[in-house]
Each structure stands twice: as C-alpha cells, then as structure tokens.
Amino acid sequence: MTPFLARGRILVVDDDAATRSNALAALRAVGFVSIEACAGSEALEKYASQQPDIVLLDLLMPRLEGFEVARRLHCLPRGQRIPIIIMTGPEDSDAIERAYQVGAIDFVAKPINWMVLRHRIQHALRSARTLDELVRSETNLANAQRIAHLGSWEWHLREAYVQRSEQFFALFGEGPQAFPPVMEAVLERVFPQDRDLVREAYTAASKGRAFRIQYRIVRNDGALRTVFEQAEPVRNADGSVQRLQGTTQDVTERVDAEKRIRYLAYYDSLTGLPGRQFCRDLLKRAIRRASTERSIAVMVLDLDRFGRINESLGQGVGDQVLQVVAQRLEKTVAALPGHADSAPGAAVVARIGGDQFVVFVENALVGDSPEALALRLLEAVREPILFEDIQVALRASIGLAVYPAHTDDADTLLKFADMALSESKRGQRNSVRSFSDELRTAADLRVQLESEMRAALERGEFELFYQPVVRISDHKIDAVEALVRWRHPKRGLLGPGEFIPLAEECGLIVEIGEWGLRQACKQMAEWMRKAYPPAAVAVNISGISFRHVRLLSAVQQALTDAGLAPERLELEMTESVLMHDAEMTQGILSVLQRMGVRLMVDDFGTGYSSLAYLKRFPIDVLKIDRSFVKDLVYDNSDAAITSAVLAMAQELGLGVIAEGVENEAQLLALASRGCDLMQGFYFTKPLPADELAVWFEGGGWHPLDG
Ligand code: C2E
Ligand code: MG
Ligand code: MG
C-alpha cells in the first residue's frame, strides 16, 4: 500500500448502520481515514467540511436518494472531479446506468466484498490524482500561455480541421464561436500587407512543412498587433504528416521595444535623421543597388564655426539651429527633379556628428551636376535663421566625392568627401570642394608627413631658432622668442607654417609644444649661466596645447627641470586662442599668472575680438602683428591702428612689442608713436642658439648696424 493511499480520506454514505460500520472497519484497517454519513444531506455537509478524496455512496436512501446526492456533490466547489463509487443492490442494471450518468466512476454490488473494493478505491484514487495533476498542469500551461500571450493550435491536415487553445482566441480578442476551425479563418484577420506571407507559409505547411513567420493581425477591437507564429509537423509511424502543431505569440511589445532600440541606435534623436552608422549602411545599400552606370554623389557638410553659436547663444539655440538645417537639407533634396519617383534610399540626408551632415543622392535625381546641388545646399543653409529676437547667419562647407568615379566603397567615399571637406575648410570655407587626385596626393603626403613628424620627435629633428626683442631706448636685448624649425632629413629646414597646422590636426602639437617648452627653458638657463643679455624667453603656445590638461604641469615641469625662475618665461597665445572660451581662458590665464610667468597676446589685431577681454584677462604684453607694421609708413589706417593700440595699451598698463620690423623707417615710425620694444629682421632673423650666442658676443644690435 502506497503512503498516498494510506492518507486517503473516504466518505461512506449509507443509511444502513451495519454497512457503515463494516466499511469503517475494513477501510481503517488499511490506513484510510473514513468519514461517515447516514443520509444524503449529512453527506453534503461532511463533504463540504471535511473534503474527502473519494465518496462511497449508497443509491437507495430515504428522502435524498443517491443519484441526487451525486448530482449535488458535483455542483459543489471542487466537487466536479470528486470520484464517486456507487453501492447498489445486485443486478440493478438500470440503477448502474443512471449512476454513470450522474458522474459516478464505478459501482459495487451489495453485499460488498471489501477486499475487492479496497483495490477499486486504490485505483480510483490513483486515477483521480493523475487527473488532478493533468488539470493542474493544463492550468499552469494555460496560465503560462496567458502570461506569454501565447496561443497554441493543432492543424489536422487530413480532416482540414484546426483545434485552438483559449489563449489563441484571446490574441484576436474573440471567442471560439466567431472563429471557424479552419486555417483560413486566421487569414481574414491578417493585416492585408502581410497576407501573402501568411498564405505562403500555410500553403507550405499544408504539405507538411514547418514554418516561422511574423505578421500583423487586426484584432477584433481594431488594434494592430504583431504575432510570431511557428509550426512543426507531427508525423505518423510511417513518416507521413499527421498534423501540424503550432504556436502563435503576440510579440507587439517586444517588436516595439526593438524598433525603439533600433531607432535610437540608427537615428539622431535631435533631428530625426539617420545617424552615422545608419548612414553608412544606407550608402552601402545604395551602392549595391546602383549599377556602374548610375553614380552617387556623396557630400559631407559641416557648419562653419558652429561652436560659436553654442557658446554665445546657448545650446538650446544651437539645437534648434541644427534642426532647421536638417529640415532645409531635406527640403532641398526633396525638391530635386527626380525625387518624387525615386526608390527609397536613393536620396538620403543624415547627421553624422555635432555639426556635420551627410547628403548622398543618386545622380539620376540631381538633374544638373553634383557641384550645383552642393551649392544649392549651401545656399539653403545660408538663409538667415530667425528666432524671436535674434537672427542667426550660418555658413557651411561641403566636401564632395562621387561613386564610382572616386571609389566604389562606402566608407572610402565618406572618407574622401571628408578629406575634400577639410580642404574646403582649410581654404576659404563656405565653399564646395570636390575630391580629386591632387587631394588624394596631398592627403597621402600629409599622412606621410604625420608619421615622419612622430619619428622626428624621437630622432631630435626639431630645433628652436631664437629671435631677440630689442629695446630701442637703450639698444638692449629685452627677451628672445623661440621659434620652432624642423630639420627634415630630405626636405631641408622647414618653418612652422609647413608642419604646425598638421601637428595641430593630428594632436602631435601637444608633444612638440612640451618639447619646445623644455628646450626653451633649458636654453634660457644656459644663457643666464653665461650672463647673456635676454631677461626672458618667449614660447608660442598653440590653441590645442593651451587647452590641454597637461599645459600647467608641462610649464611647471619645464621650469623646474631647467631650474628657471618663472618670470624668465613668457607665453605667447594668439587672440583667437584666447577668445575661444572666455571662461576657461580666464581660468587658465589666472593660474599661469599666479605661477609667475608672463602672458602675451601674439599677432594682436588679426583676430576679431572684443577689447573687453583685455581688461578681464591677466595679460602683460600685446604683440602688434607685423601686418600693421608692414605698411605703417605708407598706410594711414595702419598707422592709426598702431597709435590706437599703443595708447590703449598704455592706458591699460600693458607692454607692447611690435613684430616684423624690417627697416629703419618702420622703426622710426613706431618709436615716434612711443613703441619701445621691437622684433624683426631689421635686428636679426631668428637664429639657432649657437649663432645667436655669436650675435650676443658681438654686442647685439646697435643703431649703426641698420
Ligand atoms: P609668430 O609667433 O608671430 O612669430 C613671428 C614670425 O614672424 C616668425 O615666423 C618669424 O620668423 C617671423 N618674423 C620675425 N621678424 C620678421 C620680419 O621682420 N619680417 C617678416 N616677414 N617676418 C618676421 P616663423 O618662425 O615662421 O613662425 C611662424 C609662426 O609659427 C609664429 O608666429 C608662431 O605663431 C608659430 N610658431 C613658431 N614656433 C612655434 C612653436 O614652437 N610652437 C607653436 N605653437 N607655434 C610656433
Ligand atoms: Mg609668437
Ligand atoms: Mg606674431
């Protein structure tokens, strides 16, 4: 006897006390817990209060007879599946028939053979347990299916009949009665555009083939949902397909989430345009589609000095400007002659970075040349943007590359267009530049120069030349400016103009600058040891170095390493470098000032900037750009500017150095306006340190030299 059976609770219902006590004795002996009831009504009460596992029921009882008790038991909560065994008189076949009809599972004839009955009870309990488990697992499955929005079905192919789970109907928001048991019933509910796909899958499935499809359905309430459906054949022993077993799952939420993720990954959230990655994909697709006789113009557009808008008007305005630009580019492309009936992806506007856009268009759409389109795009961007009280004027530059003329690779096309863009920005800006072989050569050269420059730093090919600043009143050397040179093994001595811009572009300027600082400080320390005249050495600091995190420590380190006092070092920054981010500039300058180094504005007058910052920034000296000095003698306005700068500097207590003094006339003109510090070829060209030492030893500059 299994432990389960020993725990069984049995309700014995009989009006005959003798039968009850016999039953009790026989059943208890083998471990059953038995509950007694002497009438139908008591049986119902005890059932409710004690929840037996099985009922042994006498058919013939006064008042409430067994049939009625069985019927009522089945109506009680949890009573539908209670196993009932009927006790009848012998050969009462009518009664037996009725007993089955009211849901009894078995019967025993009186007088009862208790031995046999025990086995029947065992069997009945075991079946009941199996049924319970089945029901429970079905309920679990149904719950799981409900939670997963998963309906299941079986398609009996030969009978052309489909059996579906409740959850399946729930997916469609309908009851089973509205859903004929055939596959076609689904087709009617499929979103029209997806119908062919579904029909095809079902046709294949009707021949016993498995399928996995995703399609949209229109629910009863009109909602559009996406379902994922898969089915597999179930085969007979001979291998023939008996039926198809399938599931249909509502995956709308998942698909929506995926769409959203894809959108976030593929689209720029500010403008709604495709982002960089998606732009590449689209271009690749366009190239795959375009046969070689169709060409594609790829344009990279960059707003000129967009950073200024962000800085001066705030990021909010900056964002709006970008949105307007996006719309204008799209509008211009949409207005192309062939656009209306072009294939999707034949013309694309994308945003690939802060203020950079890509437009690519199949040439068939363009009408005229890609250059003309590029110019039209520039024009669209140039149109002033009106906000409530401000008007923003934009300029942009475009780099253009063409498939397949320049290359047939998407990434290379974008790179070429970008190279052309850099060229356009290097030049006059606000213009269109097309990729060309010369550009490729120039770019190759730049790449070569860049790698050579890295090596040059290690090989010590950089040198500093020095140019003195002379004080006219006493002919003494005031300071010396360090100017970098590259002694290129093949190309000879290169001036900064030939490599500094590239060094700035590739970031190498930071290392070159740090090297220059160290070298200049060392040189200055040596001059001091030799008691040579200059009181300080001036070092030029590029914009990138100025804003680099390492600037302050590099300056400090160079001074410490050389054992040089900070007032022996001067730093020259151009106006445009200082004007870039006034807040940050002020911070950096104050720290440098506190360190004790002198600060100078280089090429003063060439950048366009407000003079207010001169008061705000801790500046010591202005260096008047040589372009003003050049025509000082002949050009009245240059003379006026120089006079004004000198007067203003005096007012603000700033020193002034005039750069590029080449002759005595310039010297005299400057001196007569009160300028005392000068630098230029008139005194000496920049010289290597050893040659300058000779110059120092020769007494430096003397008026008679001129
Ligand atoms: P800058 O700082 O304004 O330097 C003065 C430039 O004018 C030097 O050109 C110098 O040779 C030149 N010059 C001096 N006197 C005269 C003259 O009488 N007439 C003419 N026509 N030119 C004169 P250089 O050495 O070619 O340097 C050009 C620019 O490169 C410098 O302008 C400076 O901005 C930058 N630079 C030079 N060395 C460095 C450096 O070590 N680091 C950084 N970041 N920039 C440097
Ligand atoms: Mg300078
Ligand atoms: Mg200068």
Side-chain angles (χ1 to χ4, degrees), residues 453 456-457 461-470 478-487 493-524 536-548 551 554-555 558 569-578 598-607 619-633 655-667 669-670 677-689 691-692 701 705-706:
M453 201 154 46
L457 208 57
E461 289 170 11
F462 290 109
E463 287 175 24
L464 289 183
F465 276 35
Y466 298 93
Q467 189 179 37
V469 175
V470 177
D478 178 66
V480 167
E481 178 176 7
L483 296 157
V484 70
R485 301 286 182 267
W486 178 3
R487 204 169 288 280
L493 194 66
L494 304 180
E498 287 175 271
F499 60 90
I500 292 275
L502 180 61
E504 288 183 325
E505 244 172 69
C506 69
L508 215 57
I509 189 67
V510 175
E511 268 117 277
I512 297 176
E514 288 178 0
W515 168 84
L517 265 170
R518 280 197 305 276
Q519 186 61 26
C521 288
K522 252 191 270 174
Q523 186 58 62
M524 184 63 212
V537 68
V539 176
N540 293 282
I541 303 291
S542 84
I544 291 164
S545 297
F546 184 72
R547 259 162 254 288
H548 198 276
L551 174 76
V555 169
L569 178 64
E570 302 177 326
L571 300 180
E572 298 189 6
M573 280 77 55
T574 61
E575 269 178 299
S576 53
V577 168
L578 296 178
R598 280 159 57 84
L599 303 170
M600 317 214 263
V601 182
D602 203 355
D603 304 350
F604 184 75
T606 53
I619 303 277
D620 300 294
V621 176
L622 304 181
K623 296 187 81 168
I624 300 180
D625 191 68
R626 68 165 182 268
S627 57
F628 298 103
V629 174
K630 195 166 157 252
D631 296 325
L632 187 61
V633 188
V656 175
I657 298 173
E659 296 186 293
V661 179
E662 292 183 349
N663 53 51
E664 194 172 10
Q666 290 167 339
L667 184 152
L670 285 161
L677 295 171
M678 299 180 203
Q679 183 182 358
F681 294 168
Y682 181 64
F683 311 101
T684 171
K685 293 197 168 185
L687 297 171
E691 287 179 37
L692 190 67
W701 176 75
D705 290 358

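These values consider heavy atoms only, across backbone and side chains, with no hydrogens, waters or symmetry-generated copies. Just follow the structure's listing: the first ligand is 1, and inside any ligand the first atom is 1.
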Any idea which atoms of ligand 1 are less than 4.0 Å away from a heavy-atom of [X]?
X      : answer
Val661 : 18 (O)
Pro686 : 11 (O)
Gly680 : 15 (N), 18 (O)

Any idea which of [options] brings a heavy atom closest to [atom]?
atom                    : options                        : value
atom 27 (O) of ligand 1 : Ser627, Pro501, Pro496, Gly543 : Pro496
atom 12 (C) of ligand 1 : Arg626, Lys630, Gln679         : Arg626
atom 23 (C) of ligand 1 : Phe683, Phe681, Phe604, Tyr682 : Phe681

Please report, to 0.1 Å, the donor-acceptor pairs under 3.5 Å made by any side chain of residues 510-517, with sequence neighbours excluded.
from: Glu514; atom 1: OE1; to: Arg550; atom 2: NH2; distance (Å): 3.4
from: Glu514; atom 1: OE2; to: Arg550; atom 2: NE; distance (Å): 2.8
from: Glu514; atom 1: OE2; to: Arg550; atom 2: NH2; distance (Å): 3.4

Where's the contact between Gln467 and ligand 1, heavy-atom distance under 4.0 Å: side chain, backbone, both or neither?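 The side chain, only.
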Would you mind telling me if ligand 1 is within reach of the side chain of Asn540, the backbone, both or neither, using heavy atoms under 4.0 Å?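 Near ligand 1, Asn540 shows its backbone as well as its side chain.
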Got a sec, which residues hit side-chain contact (heavy atoms from CB on, under 4.5 Å) with Pro501, two or more places apart in sequence or on another chain?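 For Pro501, no residue satisfies side-chain contact (heavy atoms from CB on, under 4.5 Å) once neighbours in sequence are set aside.
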Of all the atoms in [X], is at least one N, O or S atom closer to the Mg ion (ligand 2) than 2.8 Å?
X      : answer
Met600 : no
Glu659 : no
Asp603 : no

